[in-house]
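The next block holds one structure in the form of C-alpha cells; read it before the comments.
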2 protein chains.
Amino acid sequence: MRRGKPNDPGRRARILQATLDVIRAGGMEAASYRGIAAHAGVPLGSMTYYFPTLEGLILSALDTTRSDLEPRYADPLREAQTRDDVVDVLVDATIGATSPTLDDIRLYAEIRHYGARNPKVADVLQAVEDDSLVTLHRVLPNSTALAINALLWGWWSHRLAHPDTALDELTVRQAFEALVNLPAPGHPFHEKEQNNA
Amino acid sequence: MRRGKPNDPGRRARILQATLDVIRAGGMEAASYRGIAAHAGVPLGSMTYYFPTLEGLILSALDTTRSDLEPRYADPLREAQTRDDVVDVLVDATIGATSPTLDDIRLYAEIRHYGARNPKVADVLQAVEDDSLVTLHRVLPNSTALAINALLWGWWSHRLAHPDTALDELTVRQAFEALVNLPAPGHPFHEKEQNNA
DNA sequence: AGCTAGTGCGTACACTTGTACGTAGCTTAG
DNA sequence: CTAAGCTACGTACAAGTGTACGCACTAGCT
C-alpha cells in the first residue's frame with residue numbers, strides 16, 4: 001500500500017553516499033545535516049525525514065563501507081595458497097593496486113577514531129576488522145594475524161601522515177615476510193607449506 | 001615594568017594542562033574554551049586572554065606532549081646495546097611498564113588524527129615522530145625503523161580498539177623480533193651481533 | 001468526485017560555539 | 001595623591017548546529 005510521491009527512489013542511497021564523501025573529505029566533524037544535504041543536492045527536510053537522527057545516518061553510512069572493504073581485501077586473501085601469495089596480497093593492499101586511496105584510509109581512520117569513544121561505531125569497526133581477521137586467520141595462526149593487522153594499519157597510518165612520500169615496496173614486503181613466516185605457537189619449528197600448483 | 005595583578009602565576013600552565021586532560025578524556029572535539037575553562041577553574045575571559053585563539057591553545061598544549069614522550073620511550077632506546085635489548089624496549093613500550101596508558105594513546109591518536117588534516121598539527125606530529133625515529137635509526141637501518149614505528153603504532157591502536165583484551169606478550173615480542181632481525185639493505189645476509197656482557 | 005492517510009520538505013527554535021570588546025582594579029611614575 | 005597604563009575578566013554577538021513541527025501535495029479507496 002504505497003502512498004505519497006516517491007519521486008526520487010535513489011535519494012536515500014544518495015544521501016548515504018554523500019555522507020561518506022563528506023566524511024572522507026572533511027572528517028566526521030564535517031558531517032552535518034546541512035553540509036551533507038548540500039553535497040547530495042537535497043533539502044534539509046529530506047535529511048531528517050530519511051534519517052531522523054544524525055548519529056543514525058552516520059552509522060548507516062559507515063556500515064556500508066563494510067561491503068566495500070570485503071572484495072578488495074578479503075577476497076584476494078581467500079585465494080592465496082602459499083605464504084608468498086599472502087605476502088603479495090598484503091603488499092598490494094598496503095601500497096599496490098588494491099590498496100585504498102588516501103581518502104579511503106582517511107575514512108577508515110575516522111571509523112577507528114570515532115570507534116574509540118562511541119560504542120555504536122566501535123561495533124561497526126569490530127565488524128570490519130572481523131571480516132579481515134577471519135580471512136587472515138584461515139591461512140595464518142591467530143597471533144600472526146593480529147600482528148599483521150597491526151602492521152597493515154600502521155603502514156596505512158604512515159601513508160596518512162606522509163602523503164607526499166611513497167613507501168618503499170621492498171621495505172613493506174620484507175616486513176610482512178618477517179611476520180608471515182613467524183612460527184606458529186606450539187610449533188617451535190616453522191614449516192613452510194608448499195601446496196602451490 | 002610589571003603592572004596589574006599577577007595573582008595566579010601558574011594559571012597559564014594550568015590551562016595548558018587542563019587542555020590536555022580534556023582532549024585525553026573527550027577528544028579534540030571536546031576541547032572548547034568553555035569546557036577547558038571549567039576544567040581548569042578559570043573564567044572564560046582568562047582563556048581568550050592567555051590564548052587569543054583556540055587553535056593556538058591546542059597547538060601549544062599538544063606541543064608540551066613532546067617532552068613527555070622523549071624520556072619514556074627514546075631514553076631507554078638510547079641505552080639499548082644489543083638487538084635483544086631493543087626488542088625488550090619495544091615490547092615494554094607496547095604493553096609493559098613504560099607503555100602509555102590508554103588515555104595517553106588516545107591523546108596521541110588525537111594528534112595523529114588531527115594532523116592528517118591540519119598542517120600545524122602535522123608539524124607537531126612530525127616532531128614527535130622524528131624524536132623516536134632518530135633514536136631508532138641509531139640502532140637499526142632506516143627501513144626497519146619505519147616498519148617498527150608502523151607496528152608500534154599498530155599495537156597501540158589495537159589496544160585502543162580492544163581496551164578490555166590484553167595483548168599477549170609473546171605475540172608482541174615475536175613480531176618485534178622478526179622486524180628487528182630484518183637484514184639491512186645492501187647486506188643480504190643478516191649478521192647477529194653479540195656484544196652483550 | 002471527495003475523503004483520508006501518509007510522504008516529503010520548509011521553517012523555526014533552542015542551544016553551543018569562538019571571539020571581540022568594554023571595563024574594573026591594581027601598580028607604578030610623577 | 002593623582003594620572004595613567006596594563007592585567008584580567010564579564011558580557012554580548014554572530015554563526016552554526018541538531019531537531020521538532022506543521023503544511024502541502026500525491027495516491028488510493030469509497
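Labels below follow one simple rule: chain letters A, B, ... track the order of the sequence lines, proteins then strands, and each chain is numbered from 1. Note that this is a predicted model, so its numbers are computed, not measured.
Applying the ring pair (Phe, Tyr, Trp, His ring centres under 6.0 Å) test to every pair with at least one member in residues 13-49 of chain A, sequence neighbours left out, gives no pairs at all. Among residues at least two apart or in separate chains, ring pair (Phe, Tyr, Trp, His ring centres under 6.0 Å) pairs with a member in residues 106-152 of chain B are A/His113-B/His113, B/Tyr108-B/Trp153, B/Tyr108-B/Trp156.
The stretch residues 114-123 of chain A does not touch DNA chain D, since none of its heavy atoms comes less than 4.0 Å from the strand. Contact check of residues 38-49 of chain B against DNA chain D (heavy atom, cut-off under 4.0 Å) returns B/Pro43, B/Leu44, B/Gly45, B/Ser46, B/Tyr49. Residues from residues 15-35 of chain B with heavy atoms under 4.0 angstrom of DNA chain D, sorted by number: B/Arg34. Taking a 4.0 Å limit (strictly below) on heavy-atom distances, residues 52-64 of chain A reaches DNA chain D at A/Thr53, A/Leu54.
Listed for the A/Arg83 side chain is no donor-acceptor partner under 3.5 Å among the backbone atoms of A/Asn181. When atom types are taken as modelled, the side chain of A/Ser99 and the backbone of A/Gly96 share a donor-acceptor pair closer than 3.5 angstrom. Checked by atom type and distance alone, the side chain of B/Asp92 never pairs as donor or acceptor with a backbone atom of B/Asp88 at under 3.5 Å. Using a distance-only test at 3.5 Å, with no hydrogens or angles considered, a donor-acceptor pair links the side chain of A/Ser60 to the main chain of A/Gly56. A distance-only check finds a donor-acceptor pair linking the side chain of B/Arg159 to the backbone of B/Pro100 [under 3.5 Å]. Side-chain atoms of A/Asn149 never come within 3.5 Å of backbone atoms of A/Ala145 as a donor-acceptor pair (strictly under, hydrogens ignored).
Test B/Thr19, B/Asp103, B/Asp104 against B/Arg24 for side chain to side chain donor-acceptor pair (under 3.5 Å) and you get one pass: B/Asp104. Exactly one of A/Leu125, A/Val121, A/Leu16, A/Val128 qualifies for a side chain to side chain contact (heavy atoms under 4.5 Å, CB included) with A/Leu62. That residue is A/Val121.
Within the 4.5 Å cutoff, no side-chain heavy atoms of A/Val91 are placed close to those of A/Trp155.
A salt bridge links A/Glu110 to B/Arg117: one of the charged nitrogens lies within less than 4.0 Å of a carboxylate oxygen. Looking at A/Asp123 and A/Lys120, no side-chain N of the basic residue comes within less than 4.0 Å of a carboxylate O on the acidic one, giving no salt bridge.
Look at A/Arg11 and you'll find a side-chain N or O under 4.0 angstrom from OP1 or OP2 of C/dC9.
Following rounding to the nearest Å, A/Arg12 (CZ) and C/dG8 (P) show an atom-to-atom distance of 12 Å.
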